[in-house]
Amino acid sequence: MINITLPDGSIKKYSEVVSGLKIAESISQSLAKNSLVIKINNKLQDLSINIDYDCSVEIITKKSPEALDIIRHDAAHVMAEAVQEIFPKTKVAIGPTIKDGFYYDFDSDVSFSPDDFKKIEKKMSQIIKRNNKFVREIWDRKKALKFFEDKNEIYKVEIIKSLNEDEDLTIYKQGEWVDLCRGPHSISTGFINYSFKIMKIAGAYWRGNSKNKMLQRIYATAWIKENDLIDYINRITEAEKRDHRKLGNELELFHIQEESIGNIFWHPKGWTLYRICQEYMRKKLNQSNYKEVRTPSLIDKRLWEESGHWEKFRENMFITQGEDEKPMALKPMNCPAHVQIFKQGIKSYRDLPYRMSEFGSCHRNEPSGSLHGLMRVRGFTQDDAHIFCTKDQINSETESFCKLLTEIYNDFGFTKINIRFADRPEKRAGDDSTWDQAENALENAIKAIDLPYQKDPGGGAFYGPKLDFVLTDTLGREWQCGTLQVDFVLPERLDASYIDERGSKVRPVMLHRAILGSMERFIGVLMESTGGKFPLWLAPIQIMITNISEESIEYAKKIHEICINRNLRAEIDIRNEQLNYKIREHSNKKIPIILVVGRNEMKDQNVSIRRLGSEKQEIVTLKKAIDEIENASYMP
RNA sequence: GCUGUUGUAGCUUAGUGGUAAAGCACUUGCAUGGUAAGCAAGAGAUCGAGGUUUCGAUUACCUCCAACAGCACCA
């Protein structure tokens with residue numbers, strides 16, 4: 001007797017070996033029809049696998065959360081077969097599922113183009129119609145190696161060779177087509193009638209190593225219902241409209257041009273936004289006992305040699321010459337300069353923690369292919385600060401930093417923050433007990449304020465562990481913004497010290513930390529998260545005052561003047577245009593408040609308020625309107 | 001940096017082996033308009049840069065530059 005425990009706790013008994021499909025069938029026909037795979041003792045397996053022991057199972061159907069992953073994996077195999085049928089000399093590499101879809105990497109002499117997508121999709125549909133069973137087989141290493149070597153599938157051969165010698169190799173066949181794959185897969189290529197679409201093609205290095213050959217990666221997506229596919233495509237189309245580069249142009253915030261790639265030309269409105277963010281940060285940092293400084297951009301090579309940047313970071317530095325051909329570099333970071341300030345005069349333990357902040361203008365020669373609007377630039381300003389403290393202070397400083405960061409992110413409307421905790425890498429400076437202390441301090445601090453975080457084992461810098469705070473853009477791409485890095489090395493290299501309670505010279509620890517990260521990147525993310533509809537306190541233009549006809553021009557001007565005197569960012573539109581035209585234009589520019597005045601408003605000293613996103617008009621007295629707007633526009 | 005795609009007026013796009021089209025924006029008239037595009041006229045582009053083929057290249061080919069997607073990189 002085989003006892004199979006179902007998710008509801010009930011036990012089904014079978015007198016002989018039973019497959020997942022049979023279990024499903026014995027429960028109901030409709031379940032069997034909608035089943036994809038089976039979870040046996042919490043591990044996903046093929047439905048065809050025979051069970052001859054007691055276990056608990058869960059049938060994974062179309063409706064299960066795991067379903068998408070399964071069909072996408074199926075679809076990846078189908079796509080690979082399709083590509084090899086159309087381009088027979090193509091070699092296959094790997095084809096995993098990813099968020100919202102899957103990809104497969106190919107090596108082919110022909111380069112695939114978007115024109116081939118339709119062909120491949122058509123072929124995929126044919127393969128799905130053939131409805132070949134996914135047949136799972138276990139091969140020994142020799143057989144597998146021989147098979148793939150004979151087929152000249154060099155990538156599969158390399159994968160097999162990299163696997164443990166005693167590991168079983170699973171092979172999946174669909175008709176004639178064979179792939180090395182862990183599985184699981186559903187019953188057959190056409191078992192589930194899912195919807196799919198090839199999205200894009202791009203290069204990708206074999207095994208993610210830039211020294212290896214670049215393969216062609218075809219990205220695609222698959223969904224169980226056609227409507228989900230349509231929704232997904234719509235979601236992407238909508239997201240693209242929120243692209244900060246597009247908005248930057250439409251809202252006249254900034255531009256970039258060939259003569260200074262990776263650097264931003266901030267326009268008046270964009271610079272207003274930038275300045276407000278900066279003023280807000282200044283206020284918050286001031287409240288948190290940071291002292292702001294300003295250090296040079298161009299610094300002699302000598303300091304970079306002492307700090308270690310010349311050796312480790314030179315590739316990314318812009319190097320120029322000073323007098324007598326003396327090499328100088330544009331600073332890529334502010335830390336060495338801050339240490340110079342710390343070192344002026346003698347510091348006492350009473351001065352610690354010493355929090356030194358700077359809106360530090362940095363330049364890094366980033367690889368051309370990595371540049372991306374405001375998100376990845378070559379010239380940027382960090383809301384940087386270095387906290388010089390004792391080892392014992394790492395914990396409390398981290399905790400208050402995390403609190404401050406969360407508060408600030410919330411003010412900007414970011415409530416979901418991904419935190420990565422990166423601990424000691426293999427190559428590192430400093431002894432293990434120091435690392436223990438630093439890692440514990442960081443981890444305890446995030447735990448103390450109850451923030452969820454992911455671990456990034458070995459991802460720390462050579463000089464210390466770190467916390468990274470990651471935000472995502474409208475397409476879900478991740479951008480590291482805030483960071484907190486513990487550093488034992490730089491104070492040593494640059495000989496920073498303080499005098500402790502007993503009068504001896506001691507090295508401080510340095511915490512490198514940024515909240516927004518780079519002003520540019522953060523504003524880019526902010527633009528995408530708001531879609532350009534900035535909250536009132538951030539909007540470059542808060543109020544547009546517009547008249548209806550000539551007779552109300554003077555009244556409009558008077559209101560404009562009042563707004564300006566109240567420090568509201570107001571503009572006036574008294575162009576000789578129709579009201580509809582002006583409303584449309586200012587709405588498209590995403591100005592939060594339009595004040596409309598005509599004959600009636602003028603007569604009663606009222607204004608008509610129209611808020612972005614609403615077609616309602618609110619007629620209130622001028623005084624009340626301005627008071628209300630002023631109250632709503634304060635910086636948090 | 002690597003692979004692929006793209007590059008036409010300020011913006012968005014059409015198009016062609018014989019120096020180019022449209023909408024919006026802009027300028028000028030007319031219209032004096034009550035909450036998302038009033039009417040008309042005008043001006044505006046050596047088609048990313050350089051080269052090759054050609055009688056002739058914005059169009060084909062090559063090189064470069066930049067942008068976009070992805071990969072790699074992000075101390």
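Computed from heavy atoms alone, side chains included, the values below leave out hydrogens, waters and symmetry copies. Throughout, a chain's letter reflects where its sequence line sits, starting with A, and its residues are numbered from 1.
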Discussion item. By the 4.0 Å heavy-atom rule, please label A/R477 as base, sugar-phosphate, or nothing.
Written reply: sugar-phosphate
Worksheet item: Between B/A49 and B/U59, how far is it from one P atom to the other, in whole Å?
Response: 10 Å
Worksheet item: Using a cut-off of 4.0 Å on non-hydrogen atoms, how would the nucleic acid contact of A/S608 be classed: base, sugar-phosphate, or nothing?
Response: base
Practice prompt. For A/G208, report the nucleic acid contact type (base, sugar-phosphate, nothing); a contact means any heavy atom under 4.0 Å.
Written response: sugar-phosphate
Practice prompt. Have a look at A/F462 and say if it touches a base, only the backbone sugar-phosphate, or nothing, with a 4.0 Å heavy-atom cut-off.
Written response: sugar-phosphate
Worksheet entry | All side-chain contact (heavy atoms from CB on, under 4.5 Å) counterparts of A/A385, not counting sequence neighbours | A/Y290, A/S357, A/R513
Discussion item. Applying side-chain contact (heavy atoms from CB on, under 4.5 Å), can you list everything that pairs with A/V110, at least two apart in sequence or on another chain?
Written reply: A/F87, A/S108
Item to complete: Under 4.0 Å between any heavy atoms, over every strand shown, what does A/Y219 touch: base, sugar-phosphate, or nothing? Just pick one.
Response: sugar-phosphate
Fill in: Check ion pair A/D432-A/R424 (N to O, under 4.0 angstrom)
yes
Worksheet entry | Listed partners of A/K122 passing salt bridge (Lys or Arg N to Asp or Glu O under 4.0 Å), at least two apart | none
Worksheet item: A/N316 near the nucleic acid: base, sugar-phosphate alone, or nothing, with a heavy-atom cut-off under 4.0 Å?
Response: nothing
Discussion item. I want to confirm an ordering. Mapping A/R364 and A/M214 to their closest nucleotides on RNA chain B, which one lands closer to the 5' end?
Written reply: A/M214
Worksheet entry | Gap in Å between the two P atoms, one belonging to B/A36 and one to B/A41, rounded | 27 Å
Item to complete: Hey, which sits more toward the 5' end of RNA chain B by its nearest nucleotide, A/N209 or A/N547?
Response: A/N547
Discussion item. Between A/F522 and A/F380, is the ring centroid distance below 6.0 Å?
Written reply: no
Fill in: Contacts of type salt bridge (Lys or Arg N to Asp or Glu O under 4.0 Å), residue A/E577, not counting sequence neighbours
none
Worksheet item: Does the separation of the ring centres of A/Y555 and A/H560 fall below 6.0 angstrom?
Response: no
Worksheet entry | Evaluation steps, side chain to side chain contact (heavy atoms under 4.5 Å, CB included), between A/Y453 and A/R420 | CA-CA 6 Å; A/Y453 65 97; A/R420 307 271 155 75; over 6 Å; no
Item to complete: Of all the heavy-atom pairs spanning A/R364 and A/P332, show the shortest one and how long it is.
Response: NE-O, 2.9 Å
Item to complete: Please list, by residue number, the residues of residues 581-595 of chain A whose heavy atoms come closer than 4.0 Å to an atom of RNA chain B; answer none if no residue qualifies.
Response: A/Y581, A/I583, A/R584, A/S587, A/N588
Discussion item. If I pick the C1' atom on B/C2 and the same atom on B/G17, what distance separates them, to the nearest angstrom?
Written reply: 34 Å
Practice prompt. Could you tell me whether A/R245 contacts a base, only the sugar-phosphate backbone, or nothing, with contacts defined as non-hydrogen atoms closer than 4.0 Å?
Written response: sugar-phosphate
Practice prompt. Determine whether A/Y104 and A/V92 make a side-chain contact, defined as any pair of heavy atoms from C-beta on separated by less than 4.5 Å.
Written response: yes
Worksheet entry | Nucleic acid contacts of residues 260-273 of chain A, taken as heavy-atom distances under 4.0 Å to RNA chain B | A/I261
Discussion item. When the C1' atoms of B/C24 and B/G44 are compared, how many Å lie between them, rounded to an integer?
Written reply: 14 Å
Practice prompt. Could you give the distance separating B/A14 and B/G42 at their P atoms, to the nearest angstrom?
Written response: 26 Å
Discussion item. Under 3.5 Å for both pairing distances: what stems, at least three Watson-Crick or G-U pairs long, include RNA chain B?
Written reply: B:1-7 with B:65-71, B:10-13 with B:21-24, B:26-30 with B:38-42, B:48-52 with B:60-64
Worksheet entry | Set of ring-ring contact (aromatic ring centres under 6.0 Å, His included) partners for A/H73, sequence neighbours left out | A/H77, A/H185
Practice prompt. List for me each residue that meets ring-ring contact (aromatic ring centres under 6.0 Å, His included) alongside A/F254, sequence neighbours excluded, and say none if there are none.
Written response: A/W266
Fill in: 5' to 3' contact window, RNA chain B with chain A (heavy-atom distance under 4.0 Å)
B/G1 to B/A75
Worksheet item: What residues form a ring-ring contact (aromatic ring centres under 6.0 Å, His included) with A/Y232, not counting sequence neighbours?
Response: A/W223
Practice prompt. Report the residues that fulfil ring-ring contact (aromatic ring centres under 6.0 Å, His included) with A/Y205, sequence neighbours left out, ordered by chain and then residue number.
Written response: none
Worksheet entry | Distance between C1' atoms of B/G51 and B/U58 (Å, rounded) | 15 Å
